Amino acid sequence: MGTIVHGVALNNPTVLHLGVLADIHVDCERPIYARMATARAGELNYFPFGFAEPVSIDFYSDCLNELDLLLLRPGSIPDQNP
């Protein structure tokens, strides 16, 4: 189904719930970076557990549970501004 990564923004004290459409295993002892591309989505750069090189994956913000992740995936919500 996917993974929800919880984090805290340092420049704005906010709890983040980032949903990705893959089962990932993040090495929490190494840096994790998130960059917003739009108001609802962005790119997560992290080190998979047991690997030396980082990888990037798209994420969707404000995913509190599996239903949010399903609703935010591409094509599930029509664009309000075509």
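Just so it is clear, the values below take in all heavy atoms, side chains as well, and ignore hydrogens, waters and symmetry mates. All values reported here derive from a predicted model rather than from experimental measurement.
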>> Under a 3.5 Å distance rule, please check whether T3 uses its side chain to pair with a backbone N or O of A22 as donor and acceptor.
In response: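 Flag set: sc T3 to bb A22 pair under 3.5 Å.
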>> Strictly distance-based, threshold 3.5 Å: is any side-chain N or O of S61 a donor or acceptor partner for the main-chain N or O of A41?
In response: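 It does not hold such a pair.
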> Please walk me through it: do I32 and V26 pass side-chain contact (heavy atoms from CB on, under 4.5 Å)?
Replying inline: CA-CA 8 Å; I32 302 167; V26 177; 3.3 Å; yes
Between [atom1] of [X] and [atom2] of [Y], what distance do you get to the nearest 0.5 Å?
X   : Y   : atom1 : atom2 : answer
F47 : E53 : CZ    : CD    : 7.5 Å
S56 : N45 : OG    : CG    : 4.0 Å
R40 : D62 : CZ    : CG    : 10.5 Å

> Does D27 CG have over 12 foreign heavy atoms under 6.0 Å away?
Replying inline: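 More than 12 heavy atoms, drawn from other residues, nucleotides or ligands, come within 6.0 Å of this atom.
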>> Looking at E66, I want to see if its CD is surrounded by more than 12 non-hydrogen atoms of other residues, nucleotides or ligands under 6.0 Å.
In response: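 Open: at most 12 neighbouring heavy atoms sit under 6.0 Å from CD of E66.
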>> Tell me which one of L64, N65, L69 satisfies side-chain contact (heavy atoms from CB on, under 4.5 Å) with L67.
In response: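 That would be N65.
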> Less than 4.5 Å apart, any side-chain heavy atom of V55 and any of P48?
Replying inline: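 They are in contact (side-chain heavy atoms under 4.5 Å apart), so the answer is yes.
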> So do Y60 and L21 actually touch side chain to side chain, heavy atoms under 4.5 Å?
Replying inline: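 Yes, side chains in contact.
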> Given F59 and M36, is the side-chain contact (heavy atoms from CB on, under 4.5 Å) satisfied, shown in steps?
Replying inline: CA-CA 9 Å; F59 72 80; M36 296 299 292; 3.6 Å; yes
>> As a quick check of understanding, evaluate side-chain contact (heavy atoms from CB on, under 4.5 Å) for L18 and L44, giving each step before the final call.
In response: CA-CA 9 Å; L18 310 176; L44 184 70; 4.1 Å; yes
> Going through the distances and angles, do Y46 and I57 end up as a side-chain contact (heavy atoms from CB on, under 4.5 Å)?
Replying inline: CA-CA 8 Å; Y46 70 99; I57 191 168; 3.9 Å; yes
